[in-house]
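Beneath this line is the structure, given in structure tokens, with notes to follow.
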2 protein chains.
Amino acid sequence: MNVDSIESIISKAEAMSNQHGKKLTPTRKQVLIAMLKSDKALSAYELADSVKKEFDRSIPTMSVYRILDVLMELKLVHKMSIVNKYVACSHITCDHKHSFARFLVCNNCHKVKEIMTNGSTVKILQGNIEELGFKLLNKQLELNCLCHECAG
Amino acid sequence: MNVDSIESIISKAEAMSNQHGKKLTPTRKQVLIAMLKSDKALSAYELADSVKKEFDRSIPTMSVYRILDVLMELKLVHKMSIVNKYVACSHITCDHKHSFARFLVCNNCHKVKEIMTNGSTVKILQGNIEELGFKLLNKQLELNCLCHECAG
DNA sequence: AAGATTTATGATACAGTATATCATACCATC
DNA sequence: GATGGTATGATATACTGTATCATAAATCTT
């Protein structure tokens, strides 16, 4: 992620935050930038380290978790539960709807590819759920993969 | 899960273990039974408690994790990463292929419904993965849901 | 602008999940 | 019954996440 695009992503993120009555405070911005600069999903602790390196500023892990909560609520960040790490949304600038995203997560290096899913696939994925008495909370799929480099 | 079906599941599990050159030792059997008797996914620690209650026997958590590893390798047990808990496979007795299972996981009570997915859906889910240079490791999807009871 | 209210962050403690490592026991087969 | 492999126990510790109380910063009200 180069600097130019990071800046435009951040300003878009700021706009989105304001729309939802939230503020992209300096601390939140630093956390988001740290995530954008990484090509991998990072744990909350790794994020705190990244912010420390990038901005020479220590943030308590507790704050990182709180900030991640806010950023996830705003759909600016996604949690990869299969590795307990967090990744910035790849589509912040593109007025996405977050219909049903698939995440290919490298089990080894934690690189993540986010793929948008089309409407018919969404229907297939949602099929049976209501009939079984379940209610879908989160339209997000994580797939356990190996990336090209790690697959050798 | 009634007792009759648990017994038949266990004997099937035993057969499957032997096929793969693994043994379903008494301890592993107890862990698997505890999982089968639960209608929810359980953490390793909860599992140790269940075995304690059910069989009046304390197993160190370390052992539970090791046993879970073996049972997962044998596809007798699945990890629900979105809640960090483990659940027995619903299809042990039915000569399943584990083509692509979807798991509906109640975010509140951790009940799990395992759904088999048909071939065409599998194709859709696997689409794009290779083109993006990723290799799928695990044909398993977890969906964050609420069950009927918890949805109110 | 002073005070009151809300929101964000800091500090500390601790709970819950998971692995590393070394030791011991069990089991097979020769 | 010695040997080697597999399974389990014991202990320590790392990693992930939350609870709670305190403080600071922004916002609102009068």
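The sequence lines fix the lettering, A, B, ..., with proteins before strands; numbering per chain opens at 1.
If you check dT27(D), dG10(C), dA7(D) against the side chain of Ile59(A), the one that comes closest is dG10(C). The listed nucleotides are dG9(D), dT9(C), dG10(C); the one nearest the side chain of Pro60(A) is dG10(C). Among the nucleotides dA7(D), dT21(C), dA8(C), the one closest to the side chain of Arg66(B) is dT21(C). Taking every side-chain heavy atom of Met62(A) into account, dT20(D) is the closest of dT20(D), dT17(C), dT9(C).
In this structure, Lys135(A) places its NZ atom where only 12 or fewer heavy-atom neighbours from other residues, nucleotides or ligands lie under 6.0 Å away. The environment of Lys40(B) atom NZ is sparse: at most 12 non-hydrogen atoms of other residues, nucleotides or ligands sit within 6.0 angstrom.
Phosphate proximity of dA18(C) to Asn84(B): present, with a side-chain N or O under 4.0 Å from OP1 or OP2. An OP1 or OP2 oxygen of dT7(C) is reached within less than 4.0 angstrom by no side-chain nitrogen or oxygen of Thr25(A). Within the structure, a side-chain polar atom (N or O) of Arg57(A) is placed less than 4.0 Å from OP1 or OP2 of dG10(C). At dA18(C), one or more side-chain N or O atoms of Tyr65(B) fall inside 4.0 Å of OP1 or OP2 (strictly under the cut-off).
Between the P atom of dC15(D) and the OH atom of Tyr45(B) lies a distance of 15 Å, rounded to the nearest Å. Rounded to whole Å, atom P of dT9(C) lies 15 Å from atom CG of Leu47(A). Rounded to an integer number of Å, the gap from CG of Leu68(A) to C1' of dG17(D) is 11 Å. Put simply, NZ on Lys85(A) is 18 Å from P on dT17(C), counting in whole angstrom units. Regarding Lys29(B), its NZ atom lies at a distance of 17 Å from the C1' atom of dT8(D), rounded to whole Å. Atom CD1 of Ile67(A) is separated from atom C1' of dG10(C) by 11 Å (rounded to the nearest Å). Rounded to an integer number of Å, the gap from Ile82(A) CD1 to dT16(D) C1' is 16 Å. Between the OH atom of Tyr86(A) and the P atom of dC15(D) there is a distance of 16 Å, rounded to whole Å.
Across all strands, Lys79(B) comes closer than 4.0 Å only to sugar-phosphate atoms, never to a base (heavy-atom distances). Counting any heavy atom pair closer than 4.0 Å across all strands shown, Ser43(A) reaches sugar-phosphate atoms only and no base atom.
A donor-acceptor pair is defined here as one N or O able to donate and one able to accept, closer than 3.5 Å; no such pair exists between the side chain of Glu114(A) and the backbone of Ala101(A).
Between Lys52(B) and Ser58(B), the shortest heavy-atom distance links the atoms CD-OG, 3.4 Å.
None of Leu47(B), Ile92(B), Leu32(B), Val31(B) except one satisfies the side chain to side chain contact (heavy atoms under 4.5 Å, CB included) rule with Val77(B); the exception is Leu32(B).
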